[in-house]
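Written out below as structure tokens is the structure these notes cover.
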Protein chains: 2
Amino acid sequence: MAARAGGQGGKQPTINDVAALAGVSKKTVSRVINRSEFISEKTRKSVQQAIDTLGFVPNPQARALAFRRNFLIALLHDNPNAQTVLNFQQGVLDAIKDSDLALLVRPVDRGSDKLLDDVRLFLEKQRPIGAMLLPPISENDDLAKLCGDLGVRYVRVGSAPLDDARHCVSSNDREVVAEAVGKLIALGHRRIGFVRGPAGFRSAAEREEGFRAALAAAGLSLPDELYAPGNYRYTAGVEAGEAMLSLKEPPTAVFVSNDEMAAGVMSVAHGKGLSVPADLSIIGFDDSPTATHIWPALSTVRWPIREMGSRAARTLVADFLGSSAKAADDENPVMPSTFIERQSVAPPRG
Amino acid sequence: MAARAGGQGGKQPTINDVAALAGVSKKTVSRVINRSEFISEKTRKSVQQAIDTLGFVPNPQARALAFRRNFLIALLHDNPNAQTVLNFQQGVLDAIKDSDLALLVRPVDRGSDKLLDDVRLFLEKQRPIGAMLLPPISENDDLAKLCGDLGVRYVRVGSAPLDDARHCVSSNDREVVAEAVGKLIALGHRRIGFVRGPAGFRSAAEREEGFRAALAAAGLSLPDELYAPGNYRYTAGVEAGEAMLSLKEPPTAVFVSNDEMAAGVMSVAHGKGLSVPADLSIIGFDDSPTATHIWPALSTVRWPIREMGSRAARTLVADFLGSSAKAADDENPVMPSTFIERQSVAPPRG
DNA sequence: GTTCTAAAAGACACCGGTGTCAAAAGCAAG
DNA sequence: CTTGCTTTTGACACCGGTGTCTTTTAGAAC
């Protein structure tokens, strides 16, 4: 409650004020702030009391200058999907809420040939203690190397491990997709279509591999006409739907690599008078809000993005704090995705 | 291209290096950096050349300390909606891309009784040059006053003007809602339902006023059973839909205060076997991705959130730069929303 | 009570800029 | 060539912390 006790001058108290009040040197106060070990318990108590009395908060700008590090965590992303970015942000904030850190958000342009220069400049200027790279830019090895070279801790977020554990937070998409598709097969589906994510995205490749693994396990094949390219956009789903549902022998089920495209496929099905799930089962990926906003609600794979955000932030913080880093190192950097069954899946007709 | 010319020592050049190379004092270099007017053209040129040669970039932490201001813009929000926040961010970044500013994102908890203390602490620590308040927290006058008291420029974003022009960016939701509802009436609808946003939200009130204005203009009334409360969530839309579509005399059209709830209403309609738009016309608000991901695509009101983000950032920057502030002052702080017609509206049956 | 050593505290420079005010330079008038 | 201004430039303190090295203090051993 005493957010600003001792604010007599209207100015914020500085380390000098604290030092004067406690009757010690500013360096000693600095030691208390930074939890130095070479300080007697008695002194620590009296300094702490002075800090509390004055409501002293160390000036982050001054610390940043002296430390040559800003107490910030940077989030670099290429806006793959608003919901993803924001959920991730939320997770990061869950983790840093009680620390002194703040979150700096930096969208970048994956396609720009100045990408590396941009990021370098940004990191050199802001000097965050760490950076988090969201897919798809997390897949850029040059970017990760750049962070390392600049002495910025980094964490790469992905659908599968992209780096060694201390630089990586990922999910197990491949397995979960295989599990979901396995359920379609168990229900009796034999003609199952696949709509892929964009070329060059690791996430797209993981999902495809999971899909193919499930088919292979059941001895099924994937005919060309049931394989559609895509780009994670709604319109790609519409195109894929148009193509597959116009076939003489259309699929009885489709796995679509994200919810947005799945919504596109579903709207084509509706347009053709097909019933979902009776005539066509659909599974998406992301568990985006769209999944529950469409009708029928979409069975999908939930990607634990918020948890990954927390985990990524904790990794950076632990790494920054050094010795106590073990806490985070013990955690498994693979966070499980989960298959969520809703109303868009049923056994095939007949 | 010469992102780091002269990086011989591996270290970044400082103002002292520039001063030495140019043969002037560091203060003179500082004057060049800050575009001071009391400097001869000759000196400026030679200093600028030294800056370019060394690839000097002023250290933001040092400047922040000396200026008592961080070159950051803070975005305070209460995560009303991921898409909104991220689009706004995008707009902000469009505006500050080429400046020295960075974006600091700070989610806050509207309900917390420590809200003001939290924000105060945040602003005192980070000392951004300005803050942007997204709805619904932009409606909190105490928060705005706090910014003012702390010497932080601020802009409040809303559905209608919340403050004087220099502190405000808004849209004209009321008018556009009235226009949209007017079109329903023009098509022949007479029983038109309304699903409201949460109590206490200015945006919800604006939309309701626009709705009622349109009815009034046509001499129509709004019976109690066609008025549903809501909270901008999908489930509220479902509840409102259940209620209205179970009436003996259901509405032939509904205006729903956001897209997410509109999706809820639509799914109830589908569940009851009603055809949209033949049996029920629906209009939403936001033009969120959901609007085009549901079937049929939702007619809705596009809220120019990205443009508002740009505008808000430009206002802060112009204000910060002082004299050149006129550029932004000339702009109208009201950005137009627009009604977007898709497939969810048709004349009533019969 | 000394002496020795490790722990604790302090002095002072430094991080990399800006503010203030005095000094130097430039130029017109006398 | 001075004098009297105004315009430019520089010296130096300062923003609020931390790093380094030195001095002081405290406790153990003699």
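Numbered from 1 within each chain, the chains take letters A, B, ... in sequence-line order.
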Looking at [X] and [Y], what are the two nearest heavy atoms and their distance?
X      : Y      : answer
A:L134 : A:V157 : CD1-CG2, 4.1 Å
B:G158 : B:M308 : O-CE, 3.5 Å
A:L162 : A:C168 : N-SG, 3.4 Å

Original post:
Can you name the ring pair (Phe, Tyr, Trp, His ring centres under 6.0 Å) partners of A:F122, sequence neighbours left out?
Top reply: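 Here no residue qualifies.
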**OP:** Taking ring pair (Phe, Tyr, Trp, His ring centres under 6.0 Å) as the test, write out the residues that go with A:F88, two or more places apart.
**Re:**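 Counting only residues at least two positions away or on another chain, A:F88 forms no ring pair (Phe, Tyr, Trp, His ring centres under 6.0 Å).
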Subject >> N/O donor-acceptor pair under 3.5 Å between B:N34 side chain and B:S36 backbone >> reply: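 Judged by distance alone, no pair lies under 3.5 Å.
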**OP:** State whether the side chain of A:T315 and the backbone N or O of A:R311 hold a donor-acceptor pair below 3.5 Å, judged by distance alone.
**Re:**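 The answer is yes, because a donor-acceptor pair under 3.5 Å joins these two groups.
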Original post:
Counting only non-hydrogen atoms, which of residues 37-47 of chain B are less than 4.0 Å from DNA chain D?
Top reply: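 Hits under 4.0 Å, by residue number: B:F38, B:I39, B:S40, B:T43.
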Original post:
Quick one, which residues of residues 63-70 of chain A touch DNA chain D with a heavy atom under 4.0 Å?
Top reply: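 A:R63, A:L65, A:A66, A:F67 - these, ordered by number, are the residues of the stretch whose heavy atoms sit under 4.0 Å from the strand.
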Run the side-chain donor-acceptor check on residues 143-153 of chain B: report pairs under 3.5 Å with partners two or more places apart or on a different chain.
| residue | atom | partner | partner atom | Å |
| --- | --- | --- | --- | --- |
| B:K145 | NZ | B:D149 | OD2 | 3.0 |
| B:R153 | NH1 | B:I129 | O | 3.2 |

**OP:** For DNA chain C, find the residues of residues 26-34 of chain A with a heavy-atom distance under 4.0 Å and give them by number; none if there aren't any.
**Re:**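 Those residues are A:K27, A:T28, A:R31.
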**OP:** Among A:I305, A:T84, A:L75, A:D94, find the one that has a side-chain contact (heavy atoms from CB on, under 4.5 Å) with A:Q89.
**Re:**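 Output: one option passes, namely A:L75.
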Original post:
With a 4.0 Å cut-off, would you call B:D141 and B:R156 a salt bridge?
Top reply: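 Between B:R156 and B:D141 there is a salt bridge, with a charged N closer than 4.0 Å to a carboxylate O.
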Original post:
By side chain to side chain contact (heavy atoms under 4.5 Å, CB included), which residues pair with B:Q48, not counting sequence neighbours?
Top reply: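 If we apply the side chain to side chain contact (heavy atoms under 4.5 Å, CB included) test to B:Q48, skipping adjacent residues, the hits are B:V32, B:I51, B:D52.
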Subject >> Listed once per pair and sorted, the salt bridge (charged side-chain N to carboxylate O under 4.0 Å, His left out) pairs that draw on residues 29-40 of chain A, sequence neighbours left out >> reply: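 Of all non-adjacent pairs touching residues 29-40 of chain A, none passes salt bridge (charged side-chain N to carboxylate O under 4.0 Å, His left out).
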**OP:** For residues 56-74 of chain A, pull every pair meeting salt bridge (charged side-chain N to carboxylate O under 4.0 Å, His left out), keeping only residues two or more places apart or in separate chains.
**Re:**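 Output for this query is empty, none listed.
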Subject >> Pair A:R306-A:S310, side-chain donor/acceptor within less than 3.5 Å >> reply: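 The answer is no; no qualifying pair exists.
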Subject >> 5′-ward residue of the pair B:S25/B:R127 relative to DNA chain D >> reply: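 Mapping each residue to its closest nucleotide by heavy atoms, the 5'-most match is B:S25.
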**OP:** Keeping to residues at least two apart or across chains, list the ring-ring contact (aromatic ring centres under 6.0 Å, His included) pairs with something in residues 132-154 of chain A.
**Re:**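 Pairs touching residues 132-154 of chain A that pass the test: A:Y154-A:H167.
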Subject >> Identified stems (criterion: three or more consecutive Watson-Crick or G-U pairs, under 3.5 Å), DNA chain C >> reply: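 Expected stems, ordered by start: C:1-30 with D:1-30.
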Original post:
Mind checking which nucleotides bracket the chain A contacts on DNA chain D, 5' to 3', with an atom under 4.0 Å from a heavy atom?
Top reply: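 First-to-last contact on DNA chain D, by the 4.0 Å heavy-atom rule, is D:dG16 to D:dT20.
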